[in-house]
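Both backbone and side-chain heavy atoms feed into the values below; hydrogens, waters and symmetry mates do not. A note on names: the letters A, B, ... follow the listed sequences, proteins ahead of strands, and every chain is numbered from 1.
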Amino acid sequence: MSDERPLNFIEQIVEADNASGKWGVWEQGDAGEGEAGRARLGRPRVHTRFPPEPNGYLHIGHAKAICLNFGLAARHGGKFNLRFDDTNPSKEEQEYVDAIKEDVRWLGADWEGPHGGGMFWASDYFERMYQFAEELVQKGLAYVCELPAEEVAKRRGSPGVPATSPFRDRPIEESLRLLREMRAGKHANGAMTLRAKIDLASPNFNLRDPVMYRIVHEPHHNTGDAWCIYPMYDWAHGIEDSIEGITHSICTLEFENHRPLYDWFLDAINRDRGPGSRWGPRVRHPQQIEFSKFRPTYTVLSKRNLLKMVQDGVVRGWDDPRMPTLRGMRRRGYTPEAIRTLCEEIGVTKVEGFIEIAKIENAIRDHLNRVSPRRMAVLRPLKVTITNWPEGKVDWVEAVNNPEDASAGTRKVPFAGTLYVERDDFMENPPKKFFRLSPGAEVRLRYAYFIRCEGVKKDANGEVVELLCTHDPATRGGDAPDGRKVKATLHWVSAAHAVPIEARLFDRLFNAEEPGKRTGHYMDDLNPSSLEVVRAQGEPSLADAAVGDRFQFERMGYFCVDRDTRPGALVVNRTVTLKDSWAKAAQG
RNA sequence: AGGGGAUUGGUGUAACGGUAGCACGACUGACUCUGGAUCAGUUAGUCUAGGUUCAAAUCCUAGAUCCCCUGCCA
């Protein structure tokens with residue numbers, strides 16, 4: 001565990017709460033079953049949740065929230081809930097529910113495991129929310145307003161100018177009757193709303209008598225046609241947290257202005273509640289805490305923008321490996337471990353900044369370097385003929401599977417008279433410090449032989465199409481008995497044994513750190529060449545690679561076998577390149 | 001104009017009145033059968049101006065800049 005890491009401000013709050021006993025301790029019946037439940041008994045309660053609205057796919061920004069909430073529960077022996085905030089039937093779909101569950105589980109936030117509190121729906125609480133609403137009406141804290149939406153907007157007021165509603169002081173009985181009629185379906189969409197009676201003059205517009213219920217005659221993916229009024233976020237969310245016993249209700253910065261509302265609603269419910277009260281006992285009042293979102297450079301994250309990219313065909317779908325969605329990143333080859341580490345490393349604060357792509361790439365490289373089996377594959381093949389190689393001879397040389405992990409073992413790779421090497425590894429007129437192949441130069445072919453370039457063949461256009469090289473038989477295995485050194489080691493593939501591979505090479509989707517910053521239109525910053533597909537050639541062991549397998553193609557980067565793979569037609573995605581100090585030097 | 005937040009190297013993040021540290025990046029060098037990895041090192045920071053204090057990133061005052069807020073979205 002990373003106990004060395006300093007606590008972020010939310011962890012500090014949790015620690016302080018645990019020390020003060022603010023949320024009590026886990027008790028029998030609350031702690032849960034099994035070993036985890038017994039371990040929880042008597043410990044301070046820490047109960048978090050991830051509350052997505054099922055109206056889109058999860059992206060890297062959500063990963064931060066998931067890791068934060070789940071991590072908090074896990075580290076303190078508490079619980080983590082997955083809760084679908086399905087309060088708006090006109091935007092939400094079952095399709096997203098399944099996708100979200102899959103992604104959350106993939107990330108490792110198991111709501112059913114030892115730290116899981118379970119899976120819930122906001123719609124599970126619709127009846128209770130409604131009862132609370134009637135209670136608020138009866139307490140004189142809410143009223144039915146018959147202003148049409150446009151009229152409410154007009155009467156919203158401005159800083160310094162209060163809002164107005166002619167229905168604010170209507171009799172309680174009238175509001176109650178109308179609320180019941182609303183529920184019974186006697187009124188059309190938009191005819192009226194239930195509003196909280198808070199403060200029409202508040203400088204915080206969220207407090208200017210916010211809508212609690214609106215009429216929506218539309219079937220709900222969970223409750224069907226049981227309801228035609230649906231609760232607004234601010235009214236619903238605190239109740240959901242309260243019912244589930246959430247202790248720390250963590251959300252992003254834009255909800256900071258809503259916190260007074262979160263508190264007001266729970267306080268309103270609790271007004272006059274307590275022992276002997278006609279309303280019943282007090283309800284729990286969790287603490288809302290806000291943190292800043294994960295904002296990577298060179299991408300967009302909003303649902304609307306991502307959706308448009310899918311619809312416009314800019315990408316090939318929600319799981320396009322260039323997408324910042326969790327399914328996109330998964331298809332690209334990102335590991336949940338790397339994403340979790342990344343979320344740990346970027347920290348949790350209220351500062352709105354950018355996370356550099358380099359930081360994200362570092363996380364995945366670091367993990368993949370440790371676990372990925374190495375293979376040789378030539379992305380842009382250039383034919384090499386070993387002129388002094390015995391006709392028909394095949395030499396199987398031994399290659400290390402992972403220099404970072406001795407237990408990964410070795411494998412045999414065939415070497416023969418016709419090979420492919422990387423086109424970029426040859427230059428006819430090399431600049432200084434180019435250590436690779438050029439006329440007269442000697443290099444090592446990894447795990448095999450030293451070869452020397454003795455000549456080139458060109459096509460009609462003058463382009464080099466083949467290298468004629470000699471090998472030194474004494475260097476088999478890659479070392480020269482006479483002690484002479486070479487400055488470069490190249491990857492290679494035997495042409496006769498090569499497995500054809502479609503390799504998809506990705507670049508960032510946008511050319512600007514903050515897409516749309518300059519022109520206001522993020523599509524203006526689209527990178528036209530974010531995808532390059534090449535016909536690569538791989539070593540024969542790649543023939544039985546399965547979808548999802550990850551490899552490091554030596555010197556080229558980390559690759560993941562794509563689901564488009566068919567028998568005999570391997571397709572791989574480049575997750576990320578290796579760091580390449582030569583490419584940098586050659587550029588600059 | 002009103003309300004709510006934020007401000008520490010290029011980026012992210014610590015330091016909670018007492019040595020401004022860590023990570024990513026960049027740059028050197030060493031090593032290397034991946035120009036990868038690894039190792040060693042360098043670079044560079046407290047938004048501004050006052051004040052309190054033996055001592056201020058931290059406390060006080062004033063200002064600057066940026067973000068959020070006038071959906072029957074979440």
* To do: With C1' as the reference atom in both, quote the distance from C59(B) to C66(B) in angstrom, rounded to an integer.
  => 25 Å
* Structure fact -> In B/S/- notation (B base, S sugar-phosphate only, - none; protein heavy atoms under 4.0 Å), nucleotides 36-45 of chain B written 5' to 3' is BS--------
* Using atom C1' of each nucleotide, how far apart are A15(B) and A56(B) to the nearest Å? -> 13 Å
* Whole-Å P distance, U65(B) and C60(B) -> 22 Å
* CG-OG1 distance between Asp366(A) and Thr341(A), expressed to the nearest 0.5 angstrom -> 7.5 Å
* Look at the side chain of Thr87(A) and decide which nucleotide, out of G12(B), A74(B), C24(B), has an atom nearest to it. => A74(B)
* Polar contact flag, side-chain donor to acceptor under 3.5 angstrom, Gln288(A)-Ser249(A) -> no
* Nearest-angstrom distance, P atom, A37(B) to G25(B) -> 8 Å
* Asked: Does any donor atom in the side chain of Glu15(A) or Asn18(A) lie under 3.5 Å from an acceptor atom in the other side chain?
  -> no
Please write out each protein N/O paired with an N/O of nucleotides 14-17 of chain B under 3.5 Å, distance rounded to 0.1 Å.
residue	atom	partner	partner atom	Å
C16(B)	N3	Gln12(A)	OE1	3.4
C16(B)	N4	Gln12(A)	OE1	3.0
C16(B)	N4	Gln12(A)	NE2	2.5

* Asked: Given side chains that start at C-beta, do those of Ser165(A) and Val152(A) come closer than 4.5 Å, heavy atoms only?
  -> no
* To do: Establish, from distance only, whether the side-chain atoms of Asn55(A) and Glu53(A) form a donor-acceptor pair under 3.5 Å.
  => yes
* Which nucleotide sits closest to the side chain of Val211(A): U34(B), A74(B), C72(B)? -> C72(B)
* Asked: Hey, does Asp199(A) have a side-chain heavy atom less than 4.5 Å from the side chain of Pro162(A)?
  -> no
* Asked: When the C1' atoms of U43(B) and A62(B) are considered, how many whole Å apart are they?
  -> 35 Å
* To do: Enumerate the residue pairs fulfilling salt bridge (charged side-chain N to carboxylate O under 4.0 Å, His left out) with a member in residues 346-355 of chain A, sequence neighbours excluded, ordered by first and then second residue.
  => Glu256(A)-Lys350(A), Glu290(A)-Lys350(A)
* Taking only residues two or more places apart in sequence, or in another chain, which ones meet Thr297(A) in a side-chain contact (heavy atoms from CB on, under 4.5 Å)? -> Phe354(A), Ile357(A), Glu513(A)
* Asked: Can you check whether Tyr233(A) stacks with the A74(B) base, using ring centres under 5.5 Å and planes within 30°?
  -> no
* Considering only C72(B), G35(B), U34(B), which nucleotide approaches the side chain of Arg446(A) most closely? -> U34(B)
* Structure fact -> Exactly one candidate in Arg436(A), Lys485(A), Arg452(A) meets salt bridge (Lys or Arg N to Asp or Glu O under 4.0 Å) with Glu442(A); the answer is Arg452(A)
* To do: For RNA chain B, just give me the dot-bracket, please: Watson-Crick or G-U, both distances below 3.5 Å, ( ) intra-strand, [ ] crossing earlier pairs, | paired with another strand, . unpaired.
  => .((((((..((((....[..)))).(((((.......)))))....(((((..]....))))))))))).....
* Side-chain H-bond candidate by donor/acceptor type, Asn401(A) with Arg375(A), under 3.5 Å -> yes
* Which value, in whole Å, describes the distance between the P atoms of nucleotides G5(B) and G41(B)? -> 44 Å
* Closest to the Thr193(A) side chain: U11(B), U34(B), C72(B)? -> C72(B)
* Could you measure between the two P atoms, the one in C16(B) and the one in G21(B), and give it in whole Å? => 14 Å
* To do: Could you pick out which residue, Lys487(A) or Gly160(A), lies toward the 5' side of RNA chain B when each is mapped onto its nearest nucleotide?
  => Gly160(A)
* 5' precedence on RNA chain B between Glu256(A) and Thr475(A) (nearest-nucleotide basis) -> Glu256(A)
* Structure fact -> Quick note, Glu53(A) side chain, CB onward, closest among C72(B), C24(B), A74(B) is A74(B)
* To do: Record whether the side chain of Arg436(A) comes under 3.5 Å of the base of G35(B) through a donor-acceptor pair of N or O atoms.
  => yes
* **Minimum-distance pair of heavy atoms, taken over all atoms of Thr475(A) and Asp472(A)** => OG1-O, 2.6 Å
* Considering only the P atoms, how many Å lie between A23(B) and U61(B), rounded to the nearest integer? -> 37 Å
Pick out the pairs of N or O atoms, protein on one side and nucleotides 66-70 of chain B on the other, that lie under 3.5 Å.
residue	atom	partner	partner atom	Å
C67(B)	O2'	Glu352(A)	OE1	2.9
C67(B)	O2'	Glu352(A)	OE2	2.9
C68(B)	O2	Asn257(A)	ND2	3.2
C69(B)	O4'	Asn257(A)	ND2	3.3
U70(B)	O2'	Arg156(A)	NE	3.1
U70(B)	O2	Gly157(A)	O	3.2

